[in-house]
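Okay, structure first, notes after.
Side chains are part of it too, since the values below use all heavy atoms of this structure and drop only hydrogens, waters and symmetry mates.
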Amino acid sequence: MLIQSKPGLGKSFVTFATLAALALLAPGVHAMAAGEAAAVAIEPATGDSAFALRIEQRLRERAAMADETTALFYLARAYRPAWTEPARAEALLAAVEALPGHGLDPADFAPLRLRAALPAESDPDRAAERELLFTDTLAALLFQLRYGKVDPHALYREWNFTPPPNPYERAGELARVLQAPDLAVAVEAQAPDLPLYRALRAELLAQQGRLAGGDWPKVAAGPTLKPGARSARVPSLRARLAAAGERVLEARDRSHYDEALVEAVKRFQAAHGLQADGVLGAQTLEALNASPAQRVAQIRANLERLRWVASDLQGDRLLVDIVGYHADLVLDGQPVWASRVIVGKPRRRTPSLLDSVTHLVLNPKWVVPPTILREDVIPGAARNPSYLANRRMRVVDRSGQTVDPSTIDWSGARQSGFPYRIEQQSGADGSLGRIKFSLSNPYAIYLHDTNARSLFKRAERALSSGCVRVERPAELAALLLADAERWSAQALQAALDSGRTRTVGVGRDVKVLLHYATAALDDTGAVLLRNDIYGYDAAIVSALDAPVR
C-alpha cells in the first residue's frame, strides 16, 4: 500500500477508506464521517518522531515485496515502537525455540539473529532494524502457528477450505498479541484449540524422545502370518512390540505365534486404525516397521493439516474422515449421527474439499461420469455385449433418445470419442442406491447410498471411484431435511418406496468437510497413527522442511 509523507513533518497521510479499515485495529485511529476530507494526519507520540520516521521509511522502501501485515500494524499505532520491554523480545525468542513442539522449524525465524538483537540499540538506524526484525518475526510466527507454513493450494489443486484472513485482520491480531500481559501465553494461544492437536503435540514429544534410542527392531517381509502359526519372523515381531512397551513374555517355542503375542498385535492394530484381527498382513507389517523418525514426520504432517482447517472444524458440520472411512454429523455442538463410509481408491482419490449439501435426490438416476465411462463402462461393453443390460444401463444421445448398444463400435469408442451418455435407472440395486446427497463442487463428487452394502464390513474401504458411499443414508437424510412433520421417518421411507425420482431441498445449512488425515483420536482419546492410503504425508513433510520463502 502507498503511504505518503511530507519530509520533516513526522506525519503520514492515508485515505479515508484505509483508516476505516484500520479503525478496528487501534482505538487511536479514527475514521471520519462520510463527506469530510479524504485524508487525515496521524501524529507520532511526542519524542518518537525521528524513530517513527525511520520505521515508516523502511516500510515504504520494502512495500513492494513485503507482506502488508507489519506495515498496517505500525500505521495503526502511528509508527510507535512496540519492543521497548526486554522481556517481550526474550519471550519471542523463547516462542521461536519452542516451535519443534508444534512440528515447525525454528530455523525459519533465524533464532541466532534474534538472540544477537536482544540488547537494546542506541544507534537509531539499528534500533529501527531491530524493531522491524522482531515484529516481522512475530507476524510470521503467528501465521505459521495458526494457519500453517505450507500453502495447501501448492499441493492440492481442488483445495477450497477457508483461507487465512487478510493483512488487516492479521495486523489486528498482531496488535492484540503484543498488548497481552504475557506474550508467551498469547503466542501459544494462536495454535489450534482442538483435542486432536493437543494430543498430537503430546505424542510428538513422546516420539521425539524415542529418536535417541534408535530405530525399532524390524520385522522381515513374508507370507501373511496368522494366529497359531510358526515362523522364523516371530522373534523379531516379539522384539518389536517389546521395544514399544508391550509386555510380551518369551515362549518356549520362540517361533510360535501364540495367543499372548496375537493379543499384543491386536492392540497394536487397534492403535493404528487397522482391523484388530491379529493377522500379520502387509498393512500391519508396514505400520510395525515405521520408525520413530517416520512417526515424528507423520505427526508433523497432521499438525500442519489441522492448522489448515481448524477454522472450519467449528459449527454445524458433516465431517468425512477419508482415511478413517467414517463420517460424523455435529449439530448445535453435539454429535448426532455417525456412519461408516467408502471412499475413493488410491487411483481415484476422494479430494479434500469444503462443501455443502445443496439438495437430496431420492431414487436417483445415475449418469456415468467421464472417468468411469472411459475406464470401466466402455471397456466392459466392449468385452461383453450384455454388460449394460446386466447393470440396467442405457445409452442416450444428445437429444435424449435411447440408442441401441449393438450399433456402437465399443472397441474404438475410447480412441474416437464417445458422443453419448450412459444412464443407470433408479432403484435400490443402482450404483447410487436410493439417496444421493448432492454437493456444490465442480468435480462431480457427492455422497450417496450404495447397492454394495457388504463392502462396509471391510476394514479398509478405499474402494469407490471418488464419491463417498454412506452406510446409513436414510438417517442422515432425515437430519438434513430437518422437517419432522413433513419428513418423518415414515414419510421418507414412503417416498423411497415409491420408486419415483424426486429432488428435495435440505432444511439445514450444514457444511461438509471431506478431510484427509493420517492421525485421529479413538473413543478413549488416544492417538491413532494410520496408514497413509493416498501417500500424501511425504509432500507435506518435505514442504515443512524446505526453507521458508
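Here the shortest heavy-atom pairing between Arg307 and Gly148 reads CB-N, 3.7 Å.
Under the 30°/60° scheme for interplanar angles, the aromatic rings of Tyr197 and His102 are found to be tilted.
Side chains of Asn531 and Thr518: a donor-acceptor N/O pair is absent below 3.5 angstrom, by distance only. In this structure, a donor-acceptor pair under 3.5 Å is absent between the side chains of Asn451 and Asp429. Judged purely by distance below 3.5 Å, without hydrogens or angles, the side chains of Ser255 and Arg230 never pair a donor atom with an acceptor atom. Using modelled atom types, one finds a donor on one side chain and an acceptor on the other under 3.5 Å when comparing Asp532 with Tyr516. Inspection of the His359 and Thr503 side chains reveals no N or O donor paired with an N or O acceptor under 3.5 Å. In the model, Glu471 has no side-chain atom that pairs as donor or acceptor with a side-chain atom of Ser339 under 3.5 Å.
With a 6.0 Å cutoff to the six-membered ring centre and a 45° limit on the axis angle, Arg146 does not count as a cation-pi contact of Phe143. Tyr257 does not carry Lys226 over the face of its six-membered ring by the limits of under 6.0 Å from the centre and within 45° of the normal.
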Check step by step if side-chain hydrogen bond (donor to acceptor under 3.5 Å, both in side chains) holds for Asp312 and Thr162. CA-CA 7 Å; Asp312 292 314; Thr162 301; 2.6 Å; yes
Hey, mind stepping through Leu528 and His272 against side-chain contact (heavy atoms from CB on, under 4.5 Å) and telling me if it holds? CA-CA 5 Å; Leu528 299 174; His272 291 81; over 6 Å; no
Between Glu173 and Gln190, does a side-chain hydrogen bond (donor to acceptor under 3.5 Å, both in side chains) hold up when you go through it step by step? CA-CA 10 Å; Glu173 188 59 48; Gln190 299 303 302; 3.2 Å; yes
List the steps, then state whether side-chain hydrogen bond (donor to acceptor under 3.5 Å, both in side chains) holds for Ser464 with Arg469. CA-CA 8 Å; Ser464 81; Arg469 306 176 195 172; 5.0 Å; no
Full working for side-chain hydrogen bond (donor to acceptor under 3.5 Å, both in side chains) between Asp151 and His153: CA-CA 5 Å; Asp151 180 3; His153 291 95; 3.1 Å; yes
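Within a 6.0 Å radius of CD in Gln493, more than 12 heavy atoms belonging to other residues, nucleotides or ligands are found.
Going from atom CD of Glu423 over to atom CH2 of Trp366 covers 12.0 Å, rounded to the nearest 0.5 Å.
Although no hydrogens or angles enter the test, the distance criterion places a donor-acceptor pair under 3.5 Å between the side chain of Lys149 and the main chain of Ala546. Of the possible polar contacts, none joining the Ser426 side chain to the Lys365 backbone as a donor-acceptor pair under 3.5 Å is found.
Under 4.0 Å is where a charged nitrogen must lie from a carboxylate oxygen, and between Asp258 and Arg238 at least one such pair does.
The aromatic ring centroids of Tyr325 and Phe456 lie 6.0 Å or more from each other.
Under the 4.5 Å side-chain criterion, counting only non-hydrogen atoms from C-beta, Val265 is not in contact with Leu225.
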